[in-house]
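Below is one structure, written out as C-alpha coordinates; comments come after it.
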Amino acid sequence: SGRIYLRDTDITDLAPHRRALLGIGRVFQNFGIFRELTLLDNILVALESRERGILLPWSKAHRRNVSQAREALDVVGLAHRATEKARSLSGGQMRLLEISRSVAFGSEIFLLDEPTAGVSPKMKGDVEGILRRLQELKKTVLIIEHDINFIQRLCDRILVLDVGKLVLDDTPERVRTDPLLQEIYFGSGNHAAAAS
(Lines give C-alpha, C1' and ligand atoms only; values in the text may rest on other atoms or scores of the structure.)
Protein backbone atom coordinates (compact mmCIF):
# COMPACT_ATOMS: atom_id res chain seq x y z
CA SER A 1 0.00 0.00 0.00
CA GLY A 2 1.02 3.61 -0.24
CA ARG A 3 1.58 6.32 -2.81
CA ILE A 4 4.43 6.94 -5.30
CA TYR A 5 5.79 10.45 -5.66
CA LEU A 6 8.19 11.81 -8.24
CA ARG A 7 9.46 15.33 -7.60
CA ASP A 8 6.50 16.08 -5.31
CA THR A 9 3.98 14.79 -7.88
CA ASP A 10 1.80 11.80 -7.04
CA ILE A 11 2.25 9.35 -9.92
CA THR A 12 0.61 6.33 -8.28
CA ASP A 13 -2.33 6.19 -10.67
CA LEU A 14 -0.55 7.37 -13.84
CA ALA A 15 -0.48 5.04 -16.83
CA PRO A 16 2.96 3.52 -17.57
CA HIS A 17 3.46 5.62 -20.72
CA ARG A 18 2.79 8.80 -18.69
CA ARG A 19 5.38 7.74 -16.13
CA ALA A 20 7.86 7.10 -18.94
CA LEU A 21 7.27 10.61 -20.28
CA LEU A 22 8.18 11.94 -16.82
CA GLY A 23 11.61 10.30 -17.15
CA ILE A 24 11.21 6.83 -15.66
CA GLY A 25 12.80 4.00 -17.63
CA ARG A 26 12.13 0.37 -16.78
CA VAL A 27 14.13 -2.75 -17.57
CA PHE A 28 12.20 -5.93 -16.84
CA GLN A 29 13.60 -9.20 -15.50
CA ASN A 30 12.17 -10.93 -18.58
CA PHE A 31 13.53 -9.31 -21.70
CA GLY A 32 11.21 -6.60 -22.96
CA ILE A 33 12.60 -6.19 -26.44
CA PHE A 34 11.12 -6.75 -29.87
CA ARG A 35 13.09 -9.80 -30.99
CA GLU A 36 11.96 -9.64 -34.63
CA LEU A 37 13.04 -6.01 -35.03
CA THR A 38 16.59 -4.85 -35.57
CA LEU A 39 18.50 -3.30 -32.70
CA LEU A 40 18.15 0.09 -34.38
CA ASP A 41 14.39 -0.35 -34.75
CA ASN A 42 14.08 -1.33 -31.09
CA ILE A 43 15.56 2.03 -30.15
CA LEU A 44 13.53 3.90 -32.78
CA VAL A 45 10.30 2.51 -31.31
CA ALA A 46 11.15 4.25 -28.04
CA LEU A 47 12.24 7.49 -29.68
CA GLU A 48 9.28 7.72 -32.01
CA SER A 49 6.82 7.05 -29.19
CA ARG A 50 7.63 10.59 -28.00
CA GLU A 51 6.65 12.12 -31.34
CA ARG A 52 3.21 13.31 -32.38
CA GLY A 53 1.94 12.05 -35.71
CA ILE A 54 3.61 9.81 -38.26
CA LEU A 55 7.29 10.20 -39.08
CA LEU A 56 8.19 9.64 -42.69
CA PRO A 57 11.56 7.99 -43.39
CA TRP A 58 12.87 11.09 -45.19
CA SER A 59 11.74 13.55 -42.50
CA LYS A 60 14.22 15.55 -40.49
CA ALA A 61 12.75 14.16 -37.24
CA HIS A 62 13.22 10.55 -38.40
CA ARG A 63 16.84 11.22 -39.43
CA ARG A 64 17.48 12.83 -36.03
CA ASN A 65 15.99 9.79 -34.27
CA VAL A 66 18.15 7.38 -36.31
CA SER A 67 21.23 9.37 -35.31
CA GLN A 68 20.21 9.31 -31.63
CA ALA A 69 19.44 5.59 -31.82
CA ARG A 70 22.90 4.86 -33.24
CA GLU A 71 24.49 6.95 -30.48
CA ALA A 72 22.51 5.05 -27.83
CA LEU A 73 23.67 1.72 -29.28
CA ASP A 74 27.24 3.00 -29.33
CA VAL A 75 27.04 3.81 -25.60
CA VAL A 76 26.46 0.10 -24.84
CA GLY A 77 28.86 -1.22 -27.50
CA LEU A 78 26.20 -2.54 -29.87
CA ALA A 79 26.36 0.01 -32.71
CA HIS A 80 28.16 -2.47 -34.98
CA ARG A 81 25.10 -4.75 -34.77
CA ALA A 82 22.47 -2.06 -35.39
CA THR A 83 20.95 -3.78 -38.44
CA GLU A 84 20.80 -7.28 -36.91
CA LYS A 85 17.63 -8.76 -35.45
CA ALA A 86 17.46 -8.49 -31.67
CA ARG A 87 16.83 -12.24 -31.41
CA SER A 88 20.48 -12.80 -32.42
CA LEU A 89 21.76 -11.23 -29.20
CA SER A 90 22.92 -13.04 -26.08
CA GLY A 91 21.01 -12.50 -22.84
CA GLY A 92 23.50 -9.89 -21.66
CA GLN A 93 23.37 -8.04 -24.96
CA MET A 94 19.56 -8.01 -24.80
CA ARG A 95 19.86 -6.43 -21.36
CA LEU A 96 22.21 -3.80 -22.77
CA LEU A 97 19.75 -3.11 -25.58
CA GLU A 98 16.97 -2.54 -23.04
CA ILE A 99 19.12 -0.12 -21.07
CA SER A 100 20.14 1.61 -24.29
CA ARG A 101 16.49 2.09 -25.22
CA SER A 102 15.79 3.82 -21.89
CA VAL A 103 18.85 6.02 -22.32
CA ALA A 104 17.74 7.03 -25.82
CA PHE A 105 14.22 7.78 -24.57
CA GLY A 106 15.72 10.28 -22.15
CA SER A 107 15.07 8.53 -18.86
CA GLU A 108 16.48 10.12 -15.74
CA ILE A 109 15.39 7.37 -13.35
CA PHE A 110 16.11 3.74 -14.19
CA LEU A 111 14.19 0.91 -12.53
CA LEU A 112 16.00 -2.36 -13.18
CA ASP A 113 14.52 -5.70 -12.19
CA GLU A 114 17.32 -8.28 -11.88
CA PRO A 115 19.52 -6.85 -14.65
CA THR A 116 22.00 -9.72 -14.33
CA ALA A 117 19.44 -12.56 -14.46
CA GLY A 118 20.38 -14.95 -17.27
CA VAL A 119 23.55 -13.02 -18.07
CA SER A 120 27.01 -14.59 -18.46
CA PRO A 121 29.77 -13.49 -16.04
CA LYS A 122 31.50 -11.54 -18.83
CA MET A 123 28.30 -9.74 -19.81
CA LYS A 124 27.54 -9.09 -16.14
CA GLY A 125 30.69 -6.96 -16.14
CA ASP A 126 29.44 -5.10 -19.22
CA VAL A 127 26.07 -4.45 -17.56
CA GLU A 128 27.88 -3.18 -14.47
CA GLY A 129 29.98 -0.87 -16.64
CA ILE A 130 26.89 0.63 -18.28
CA LEU A 131 25.23 1.15 -14.89
CA ARG A 132 28.37 2.91 -13.67
CA ARG A 133 28.17 5.13 -16.74
CA LEU A 134 24.57 6.02 -15.84
CA GLN A 135 25.78 6.96 -12.36
CA GLU A 136 28.46 9.19 -13.88
CA LEU A 137 25.73 10.87 -15.93
CA LYS A 138 23.93 11.59 -12.62
CA LYS A 139 21.03 9.26 -13.39
CA THR A 140 19.12 7.67 -10.54
CA VAL A 141 19.32 3.88 -10.70
CA LEU A 142 17.13 1.60 -8.58
CA ILE A 143 18.06 -2.06 -8.86
CA ILE A 144 16.21 -5.11 -7.59
CA GLU A 145 18.79 -7.88 -7.51
CA HIS A 146 19.60 -11.07 -5.58
CA ASP A 147 23.33 -10.95 -6.36
CA ILE A 148 24.49 -9.11 -3.25
CA ASN A 149 28.09 -8.81 -4.50
CA PHE A 150 26.92 -7.09 -7.69
CA ILE A 151 24.76 -4.70 -5.67
CA GLN A 152 27.50 -3.89 -3.17
CA ARG A 153 29.88 -2.86 -5.96
CA LEU A 154 27.35 -0.44 -7.46
CA CYS A 155 25.08 1.01 -4.84
CA ASP A 156 25.35 3.83 -2.33
CA ARG A 157 22.41 2.52 -0.33
CA ILE A 158 20.99 -0.98 0.05
CA LEU A 159 17.55 -1.96 1.27
CA VAL A 160 16.94 -5.59 2.14
CA LEU A 161 13.40 -6.95 2.13
CA ASP A 162 12.43 -10.22 3.76
CA VAL A 163 8.95 -11.66 3.37
CA GLY A 164 7.77 -8.29 2.08
CA LYS A 165 9.15 -6.26 4.98
CA LEU A 166 12.06 -3.84 5.06
CA VAL A 167 14.64 -5.32 7.44
CA LEU A 168 17.85 -3.44 6.52
CA ASP A 169 18.47 0.02 5.06
CA ASP A 170 22.08 1.21 5.13
CA THR A 171 25.37 1.56 3.28
CA PRO A 172 26.74 -1.47 1.40
CA GLU A 173 29.47 -1.97 4.01
CA ARG A 174 27.09 -1.93 6.96
CA VAL A 175 24.55 -4.18 5.25
CA ARG A 176 27.26 -6.66 4.24
CA THR A 177 28.52 -6.99 7.83
CA ASP A 178 25.09 -7.03 9.49
CA PRO A 179 24.42 -10.44 11.09
CA LEU A 180 20.79 -10.19 10.02
CA LEU A 181 21.83 -10.36 6.34
CA GLN A 182 23.81 -13.52 7.04
CA GLU A 183 20.80 -14.98 8.85
CA ILE A 184 18.46 -14.14 5.96
CA TYR A 185 20.70 -15.67 3.30
CA PHE A 186 22.23 -18.59 5.15
CA GLY A 187 20.55 -18.89 8.53
CA SER A 188 18.15 -21.18 10.26
CA GLY A 189 15.00 -19.26 9.34
CA ASN A 190 14.76 -17.37 12.64
CA HIS A 191 15.39 -14.06 10.93
CA ALA A 192 11.80 -12.86 11.40
CA ALA A 193 12.33 -12.94 15.13
CA ALA A 194 15.76 -11.31 14.81
CA ALA A 195 14.26 -8.46 12.77
CA SER A 196 11.63 -7.69 15.45
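Glu128 and Lys124 are not joined by a salt bridge, as no carboxylate oxygen comes within less than 4.0 angstrom of a charged side-chain nitrogen. Salt-bridge formation is not detected for the pair Arg18/Asp13: no Lys NZ or Arg NE/NH1/NH2 atom is positioned less than 4.0 Å from an Asp or Glu carboxylate oxygen. Using a 4.0 Å cut-off between charged side-chain N and carboxylate O, Arg133 and Glu136 make no salt bridge. Taking 4.0 Å as the cut-off between side-chain N and carboxylate O, Lys122 and Asp126 count as a salt-bridged pair. The pair Asp169-Arg157 meets the salt-bridge criterion, since a charged nitrogen lies less than 4.0 angstrom from a carboxylate oxygen.
The two residues Thr12 and Gly2 come nearest to each other via the heavy atoms CG2-O, 4.2 Å. Nearest heavy-atom pair, Thr83 versus Thr38, reported as atom, atom and distance to 0.1 Å: O-CG2, 3.3 Å. When all heavy atoms of Val75 and Ile130 are compared, the closest pair comes out as O-CD1, 3.4 Å. Heavy-atom minimum distance, Pro172 versus Asp156: CD-O, 3.4 Å. Of all heavy-atom pairs spanning Leu47 and Ala104, the tightest one is CD2-O, 3.1 Å. Among all heavy-atom pairs drawn from Val160 and Leu181, the shortest one is CG2-CD1, 4.1 Å.
Looking at Arg95 and Met123, their side chains never come closer than 4.5 Å, going by heavy atoms from C-beta outward. A heavy-atom distance below 4.5 Å is found between the side chains of Leu131 and Leu112.
In this structure, a donor-acceptor pair under 3.5 Å is absent between the side chains of Arg35 and Ser88.
In this structure, Leu137 CG and Glu108 CD are separated by 9.0 Å, a value rounded to the nearest 0.5 Å. The structure places CD1 of Ile148 at 11.0 Å from CZ of Arg153, a figure rounded to the nearest 0.5 Å. Taken to the nearest 0.5 Å, the CD1 atom of Ile158 stands 11.5 Å off from the CG atom of Asp178. Expressed to the nearest 0.5 Å, how far NZ of Lys85 lies from CG of Asp41 amounts to 8.0 Å.
The backbone N or O of Ser90 sits less than 3.5 Å from a side-chain atom of Gln93, completing a donor-acceptor pair. Under a 3.5 Å cut-off, the side chain of Ser100 and the backbone N or O of Val76 do not form any donor-acceptor pair. Between the side chain of Asp147 and the backbone N or O of Phe150, at least one donor-acceptor pair lies under 3.5 Å. Using modelled atom types, no side-chain atom of Thr116 and backbone atom of Val119 make a donor-acceptor pair closer than 3.5 Å. Looking only at distances, a side-chain donor or acceptor of Ser107 sits under 3.5 Å from a matching main-chain atom of Ser102.
Only one option out of Val103, Leu154, Thr140 pairs with Leu134 in a side-chain contact (heavy atoms from CB on, under 4.5 Å); it is Val103. Of the residues listed (Leu39, Leu97, Val45), the one engaging Phe34 in a side-chain contact (heavy atoms from CB on, under 4.5 Å) is Val45, and it is the only one.
Other residues, nucleotides and ligands contribute only 12 or fewer heavy atoms inside 6.0 Å of the NE2 atom of His146.
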